[in-house]
**Student:** 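My questions will all concern the structure given below.
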Amino acid sequence: MDGKPSSRLLHRPRLPLPSRTSGVWPVGLLVVLFFAALPLFVALSRGRPSLSDVWQMGVTVITTRETGDEFTRFLVVAADLEPSTAIRDKLLGGLLSPDIGESSCLSRYQSSLHRKPSPHSPSPYLVSRLRKYEALHRKCGPGTIFYKKSLMQLTSAYSMGLVECSYLVWTPCGSSNLGDRMLSMASAFLYALLTRRVLVVYVTDDMAGLFCEPFPGASWELPAGFLVHNLTQLRRGSEHSYANLLEAKKVRTDDPAGVRSESLPSYAYMHLEHDYQQPDQLFFCDDDQTVLAKVNWLILRSDLYFAPGLFLVPQFEDELQWMFPARDTVFHHISRYLFHPSNKVWDLITRYYTSYMAEFEEKIGIQLTTNASRSQVSPEYFKQIVACTSQEKILPEIDPNPASSAHEAALAIMASKAVLVSSAQLEYAEKLKTMYYEHTTLTGESVSVLQPGSGGKHTHHQKVLAEMFLQSYCDMSVISGRSTVGYIGHGLAGVKPWLLLMPTNKTAADPSCVQTTSMEPCYHAPPSYDCRAKKNGDLGAILRHVRHCEDLTDGLKLYD
């Protein structure tokens, strides 16, 4: 908004004078005088001090640059002060192991600084299973003797019996976005927990440097030289795909308990992408899981959050209930355990959060995913966003009359609400920002609209990951229906989002949005085959806690 004055004023927090009876009051007085003189120093300086300059003064500075002008605001706070929550649960109720150094992965322990404590505590059984998994990964993970021995099995045509370690290799879909990949990685890790397999991740070039290693004392990255050379070429119907192995009678499930490991292939490829068909979907059947447990190496590719499908497998039911007594917390716990942005990405996240978000009392996240082929902003969709946020009291309604003067707006108090808008189409944020600039609100509240920038030298995936985490620091969440990126933001936060339903025939959806009754992501393309009935059926009607999604009636979702 070129040339427009800021609608908010920054205030410097008052520091109370020390008691005159104290022996240190002169020092306190000097500190107060220093803070009082700092704005004058800034004003008289020939150039604005850099962040490094002020760090050397011994204070923390938050800078915000308004779009369209060169106005920079400085908020000075006491040096080296922790947030108001002096005592915080860095290990997330035991979810995280303390055996990873903080400097190697800053986000692992610092993310709780920016997010309210989760009301959803992990179960003691889940914590126990995670510690056991970490021990297994240290024993069998890449670089260990057992890993090297297990690799030799791939040179054989068959699996080997009585092995100490078995593996699940996750490989990404080439065309999938980061949200799809993270959802499928979380599902794969849950499957590895259930089956006592070691999860190994094939990190492609576009994912390098995104995440810290999640497991203490071991790596989850697939080393170079893996003996299955065509990982990126595996597709539905590949020779080693499970569906093809069944068709070729190389795997039989008529007597699953009697199948011997030595009769099975050395590895099987599990194709769980959105285009999979019924033979691939047998992965979610009990007899097939009994047989797959005897295959030493499984390679899995998926672009789906298939965790709800694991709840349909009878042999997993008890274990899942013990790990997740509240079934709508599966992704919340798994994602906070597994995904920690690398130090490079964390620097991007913390710089934006500290400069733009930290000062606000309330933060609302809006994540919009629209039709990629639609280059223009949809007026109907914007009206729907405004209708949703106002009708549901997420944001204050505006006075239809323009603000009395720009000067009055400039003298308004600091905005009490921040709206973080994440969208590939920048115009949605600009229209929302203009709306709240040109109009006062009926409640008298002021609203500041924020949008992470698209510049810099970071990769696309790094920026998307940063936006997911920034969204997870918001108190409320509004997301486009079917948005996998949106699922991750509110899943990390542990909040139930408001879903914006898509307009039809250029008409805004009615109702404009619905609040979900579960914070779990939606499984967009679940299997259609009912293993228990041995025919196609409605899998959303089998278990009470597996039902259809609000934003996709064919999808499946976990409910408590």
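This one's a predicted model, so the numbers in the text were calculated from it and none came from an experiment.
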**Student:** Verify side chain to side chain contact (heavy atoms under 4.5 Å, CB included) between V198 and Y133, making sure each step is shown before the conclusion.
**Tutor:** CA-CA 8 Å; V198 174; Y133 175 83; 4.2 Å; yes

**Student:** Kindly determine whether W297 and L168 satisfy side chain to side chain contact (heavy atoms under 4.5 Å, CB included), including the steps that lead there.
**Tutor:** CA-CA 6 Å; W297 288 85; L168 176 67; over 6 Å; no

**Student:** Distance alone, cut at 3.5 Å: any donor-acceptor contact between the side chains of E247 and Y242?
**Tutor:**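 No - no donor-acceptor pair under 3.5 Å links their side chains.
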
**Student:** Is Q471 reaching over with its side chain to a backbone N or O of M468, donor-acceptor style, under 3.5 angstrom?
**Tutor:**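 Flag not set: sc Q471 to bb M468 has no pair under 3.5 Å.
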
**Student:** Considering residues at least two apart in sequence or located in another chain, which fulfil the salt bridge (Lys or Arg N to Asp or Glu O under 4.0 Å) criterion with R544?
**Tutor:**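 None.
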
**Student:** What distance separates L154 CG from S266 OG, expressed to the nearest 0.5 Å?
**Tutor:**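 With rounding to 0.5 Å, CG (L154) is 5.5 Å from OG (S266).
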
**Student:** As a quick check of understanding, evaluate side chain to side chain contact (heavy atoms under 4.5 Å, CB included) for M185 and M207, giving each step before the final call.
**Tutor:** CA-CA 13 Å; M185 289 171 73; M207 291 186 66; 3.9 Å; yes

**Student:** Excluding sequence neighbours, so at least two apart, what forms side chain to side chain contact (heavy atoms under 4.5 Å, CB included) with S184?
**Tutor:**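 Scan of S184 (side chain to side chain contact (heavy atoms under 4.5 Å, CB included), adjacent residues dropped) gives W170, S302.
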
**Student:** Between E102 and R108, is any pair of side-chain heavy atoms under 4.5 Å apart?
**Tutor:**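 A side-chain contact is absent here, since even the closest heavy-atom pair is not under 4.5 Å.
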
**Student:** So, using side chain to side chain contact (heavy atoms under 4.5 Å, CB included) as the criterion, who are the partners of P216 when residues are at least two apart?
**Tutor:**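 Side chain to side chain contact (heavy atoms under 4.5 Å, CB included) list for P216, sorted by chain: S97, D99, I100, E134, R138.
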
**Student:** Looking at T516 and E550, what are the two nearest heavy atoms and their distance?
**Tutor:**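 It is CA-OE2, 3.4 Å.
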
**Student:** Below 4.5 Å, heavy atoms only, C-beta onward: do V313 and C285 meet side chain to side chain?
**Tutor:**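 No, every pair of side-chain atoms sits at 4.5 Å or beyond.
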
**Student:** A side-chain contact here means heavy atoms from C-beta on lying under 4.5 Å apart; do L368 and L500 qualify?
**Tutor:**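 A side-chain contact exists here, since the closest heavy-atom pair is under 4.5 Å.
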
**Student:** Do Y269 and R301 meet the criterion of a side-chain donor-acceptor pair at a distance under 3.5 Å?
**Tutor:**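 Per modelled atom types, Y269 and R301 side chains form a pair under 3.5 Å.
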
**Student:** Please verify the inter-ring angle class for Y337 with F215; under 30° counts as parallel, over 60° as perpendicular, anything in between as tilted.
**Tutor:**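 Plane angle between 30° and 60°, so tilted.
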
**Student:** Looking only at side-chain N and O atoms, does H332 offer a donor or acceptor that is under 3.5 Å from a partner on D328?
**Tutor:**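 No pair is found: no donor N or O on one side chain lies under 3.5 Å from an acceptor on the other.
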
**Student:** Rounded to the nearest 0.5 Å, what separates atom OG in S166 from atom CG in L292?
**Tutor:**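 CG of L292 is found 11.5 Å from OG of S166.
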
**Student:** Do H458 and K344 touch side chain to side chain, with heavy atoms closer than 4.5 Å?
**Tutor:**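 Yes, close enough: below the 4.5 Å cut-off.
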
**Student:** Answer yes or no on whether R115 is positioned over the face of Y473, meaning its NZ or CZ is under 6.0 Å from the six-membered ring centre and within 45° of the axis.
**Tutor:**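 Judged by the rule, R115 and Y473 form no cation-pi pair.
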
**Student:** Is the distance between the ring centroids of H114 and Y353 less than 6.0 Å?
**Tutor:**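 Yes, the ring centres sit under 6.0 Å apart.
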
**Student:** Would E467 and S422 count as having a side-chain donor-acceptor pair, cut-off 3.5 Å?
**Tutor:**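 There is such a pair (donor and acceptor under 3.5 Å, judged by atom type) between the side chains of E467 and S422.
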
**Student:** Is C140 close to Y167 at the side-chain level, that is, under 4.5 Å between some pair of heavy atoms?
**Tutor:**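 Y167 reaches C140 side chain to side chain.
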
**Student:** Between I479 and W498, is any pair of side-chain heavy atoms under 4.5 Å apart?
**Tutor:**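 No, too far: nothing below the 4.5 Å cut-off.
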
**Student:** I'd like to know whether CD of Q278 has more than 12 heavy-atom contacts from other residues, nucleotides or ligands below 6.0 angstrom.
**Tutor:**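 It does: Q278 CD has more than 12 such atoms within range.
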
**Student:** Using ring centroids (six-membered ring only for Trp), state whether H240 and Y267 fall under 6.0 Å.
**Tutor:**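 Centroid distance Y267-H240: below 6.0 Å, so yes.
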
**Student:** Less than 3.5 Å apart, any donor N or O on the side chain of S483 or T369 sitting next to an acceptor on the other?
**Tutor:**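 Judged by distance alone, the side chains do pair up.
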
**Student:** Can you name the nearest heavy-atom pair linking S219 to P142, along with the distance?
**Tutor:**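 Closest approach of S219 to P142: O-CD, 3.2 Å.
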
**Student:** For the residue pair T350 and Q110, confirm or rule out a side-chain donor-acceptor distance under 3.5 Å.
**Tutor:**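 No, because no side-chain N or O of T350 sits under 3.5 Å from a partner of the opposite role on Q110.
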
**Student:** Please tabulate, one pair per line, all N/O donor-acceptor pairs under 3.5 Å involving side-chain atoms of residues 534-543, not counting sequence neighbours.
**Tutor:**
residue, atom, partner, partner atom, Å
D538, OD1, G540, N, 3.0
D538, OD1, H548, NE2, 2.7

**Student:** For the residue pair N244 / E239, report whether a side-chain donor-acceptor contact shorter than 3.5 Å exists.
**Tutor:**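 Checked: E239/N244 side chains show no N/O donor-acceptor pair below 3.5 Å.
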
**Student:** If a pair satisfies salt bridge (Lys or Arg N to Asp or Glu O under 4.0 Å) and one of its residues is in residues 186-215, list it, with sequence neighbours excluded.
**Tutor:**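 Sorted result for residues 186-215: R181-D206, R196-E319.
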
**Student:** If only atom types and distance count, is the side chain of S176 paired as donor or acceptor with the main-chain N or O of D303 below 3.5 Å?
**Tutor:**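 No: the side chain of S176 does not pair with the backbone of D303.
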
**Student:** With a 4.5 Å heavy-atom cut-off, do Y305 and T484 have their side chains touching?
**Tutor:**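 Side chain of Y305 against side chain of T484, heavy atoms only: no contact under 4.5 Å found.
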
**Student:** Are F311 and F324 close enough that their ring centers fall under 6.0 Å?
**Tutor:**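 No, ring centres 6.0 Å or more apart.
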
**Student:** Holding to salt bridge (Lys or Arg N to Asp or Glu O under 4.0 Å), I want the full list of residues that pass it with K139, two or more places apart in sequence or in another chain.
**Tutor:**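 If we apply the salt bridge (Lys or Arg N to Asp or Glu O under 4.0 Å) test to K139, skipping adjacent residues, the hits are E164.
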
**Student:** With heavy-atom distances below 4.5 Å as the criterion, would you say the side chains of M476 and V495 are in contact?
**Tutor:**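 In short, these two side chains do not touch, never coming nearer than 4.5 Å.
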
**Student:** I want to know whether F211 and F339 have ring centres closer than 6.0 Å.
**Tutor:**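 Yes; F339 has its ring centre under 6.0 Å from that of F211.
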
